[in-house]
Amino acid sequence: MEEEQEGQGGIQESLKRIDDNIWEIPIGTKPGMNVPGRIFLSDKLIHNLEPEALDQVANVAMLPGIQKYSMAMPDAHLGYGFPIGGVAAFDEEEGVISPGGVGFDINCGVRLLRSNLTVDDVRPVMKELTEKLFQSVPAGVGSKSRLRASDSELDDIFLHGSRWAVENGYGVEADLEHCEGGGCIEGGDVSHISSKARKRGKPQAGTLGSGNHFLEVQYIDQIYDREVAEKFGLEEGQVTFMIHCGSRGTGHQICTDHLRTISQASKKYKISLPDKQLACAPAQSDEAQNYFRSMICAANYAWNNRQVITHWTREVISDIFRSDMDELGLDLVYDVAHNVAKLEEHTVDGKKKNVYVHRKGATRAFPPGHKDVPQAYRDVGQPVLIPGSMGTASFVLHGAEASMDISFGSACHGAGRVMSRAHAKKEFHGEDVKSDLEKSGIMVRAAHPSVIAEEAPGVYKSSSDVVNVVHDLGIAGKVARMMPLGVVKG
DNA sequence: ATGTAC
């Protein structure tokens, strides 16, 4: 029924359709697979699927102690070892932990602020608003913050995440209540973080970074689920602010440092790897735990980063509209990590057990009633935030019942690239893309024009196609759509 | 993603 198979004997040919949006790579497609691969895709998206990413799904299925399936979300594409868009859960005792299953940008994630402003309030000041946000929030490769963390402050950030920011005047207690995990994973340990990683982290708390990271002014142009939207404090015509960034140089360095020790551990523990980039260590080994506890610190650093940026964003808005915070209603709706590994309880073969869930370019999507969903959202499920690419729509969804059965409580994370950065720079010119966007009413302010070319709307899959797959699967239901008004980029 | 270099 599909005509996408061009190659002969390629891995695509072994794909079996299980359901409308579920495709399976059966065990045995590649030797050594412990579980089947599963990829969630609609007919529309199957044509964009990279065979190399599919191959990575099969490779991950070979790792020891993997549970149920090696999975990929509809926005999947080629990554370091694991595909971006990959979800894999490993047994707490018999399984492994792998830095490639988290990615270099540990706790890259998204947060959404609501407001009492309407699109008509902000249209006339968009130029000033975008410019002031750009001035206030450092962006770009190697960007430095107004804030300089001391060694003890850095430790505090590593161990307590957003709480550091809130206790130091960069936010309010309610911000912590409306953040995945309260803006912190417990169990961090700074003793296996290199001085290099610390040095890179100190001047970057409160910086946006580069690439697909952004700070965006948006407005809600469509509500899909009025009841859930109301719970989240969202309505049509309302202005929202979205922050997409991660753990900057420190997370990258922590990943790099531990890849070395984990690679050695793979040999030491005689784990046969189909790909060196899948380096992993037995979950309870010192090597794996040292990585895991350092990764937690990077994740906490990222939450604090987004919290500090939130504070400066609020300052700019209150300055421009000369209103106090209560009037502006700049509440945090939620904040999600989409590059992280967590120890979570899941049901496998009818039994509850703890597993290390690796989400790399995948968002947690816990359903109604889950204990880790904030009380305010407990009866509708956690907010799932899906950033669009530059100039395109972003979405709010809510975690739905099927996520726990189908995907270890996970959903997609965004649009997913269809073109490399290098290719994009040849195809597009930053200045042209910027003026096209401005003609369609979207202000863009970037540290460098090349990032605008690399992130042009045409280099990503349609995020609405991606979101429709998780919606139709019942993993996460659509709540609202936001359109960009102004974008700050690195 | 990233002081864009093993």
Side-chain angles (χ1 to χ4, degrees), chain A residues 53 56 75-86 98-110 138-145 148-149 193-215 243-261 263-264 276-277 279 294-295 298-299 301-303 305-306 309 336-341 358-363 387 389-390 413-426 430 446-456 459-460 488-490:
Chain A
Q56 291 188 320
D75 46 340
H77 55 115
L78 186 69
Y80 180 91
F82 289 61
I84 295 164
S98 174
V102 172
F104 280 86
D105 192 6
I106 296 164
N107 191 3
C108 181
V110 190
V141 179
S143 52
K144 294 203 165 132
S145 178
R148 288 287 179 283
I193 296 175
S194 67
S195 55
K196 213 169 169 183
R198 297 183 67 95
K199 193 178 167 202
R200 290 178 73 174
K202 282 184 187 179
Q204 290 188 324
T207 61
L208 205 50
S210 182
N212 63 355
H213 291 164
F214 63 71
L215 195 175
I243 297 162
H244 179 200
C245 62
S247 52
R248 309 284 287 104
T250 202
H252 194 273
Q253 192 64 48
I254 286 170
C255 179
T256 303
D257 292 340
H258 284 267
L259 269 172
R260 194 169 309 126
T261 56
S263 282
Q264 288 162 357
K276 273 187 181 169
Q277 296 184 350
S294 307
M295 181 219 70
Y301 181 98
W303 270 311
N305 189 26
R306 294 195 284 275
I309 292 172
V336 294
H338 56 220
N339 276 10
V340 82
H358 293 56
R359 297 189 182 91
K360 181 192 195 177
T363 311
S389 52
M390 188 175 57
H413 88 305
R417 258 182 190 279
V418 294
M419 192 187 293
S420 71
R421 288 176 195 283
H423 189 168
K425 274 197 272 196
K426 284 184 190 157
H448 197 280
S450 67
V451 80
I452 303 181
E454 291 173 8
E455 298 297 317
V459 312
Y460 285 92
V488 172
K489 288 197 73 78

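Throughout, a chain's letter reflects where its sequence line sits, starting with A, and its residues are numbered from 1. Here the structure is a predicted model, which means the values were calculated and not measured.
- To the nearest angstrom, C1' of dA5(B) lies 13 Å from CZ of Phe104(A).
- Atom CG of Leu259(A) and atom P of dT2(B) are 16 Å apart (whole Å).
- The side-chain heavy atoms of Ile84(A) and Arg417(A), taken from C-beta on, include no pair separated by under 4.5 Å.
- One side chain, His258(A) or Ser294(A), offers a donor N or O that lies under 3.5 Å from an acceptor on the other.
- One atom, NZ of Lys425(A), and another, P of dT4(B), lie 12 Å apart when rounded to the nearest Å.
- Contact annotation for Ser210(A): backbone-only contact, meaning every heavy-atom pair under 4.0 Å involves sugar-phosphate atoms and none involves a base.
- Ser145(A) contributes a side-chain N or O that, together with a main-chain N or O of Ala205(A), makes up a donor-acceptor pair within less than 3.5 Å.
- Counting non-hydrogen atoms under 4.0 angstrom, Gly246(A) reaches nothing in the nucleic acid.
- Between Arg248(A) and dT2(B), a side-chain N or O to OP1/OP2 separation shorter than 4.0 Å is present.
- Summarising the geometry, the separation between NZ on Lys144(A) and C1' on dT2(B) is reported as 14 Å, rounded to the nearest angstrom.
- Residue Lys196(A) is classed as a base contact, given a heavy-atom separation below 4.0 Å to a base.
- Nucleic acid contact class of Glu454(A) (heavy atoms, under 4.0 Å, all strands): none.
- Residue Tyr301(A) contributes atom OH, which lies 13 Å from atom C1' of dT2(B) at whole-angstrom precision.
- Rounded to whole Å, atom P of dT4(B) lies 24 Å from atom NE2 of His423(A).
- Put simply, NZ on Lys489(A) is 15 Å from C1' on dT2(B), counting in whole angstrom units.
- Listed by first and then second residue, the salt bridge (charged side-chain N to carboxylate O under 4.0 Å, His left out) pairs involving residues 206-215 of chain A amount to none (not counting sequence neighbours).
- One atom, CD1 of Ile106(A), and another, C1' of dT2(B), lie 12 Å apart when rounded to the nearest Å.
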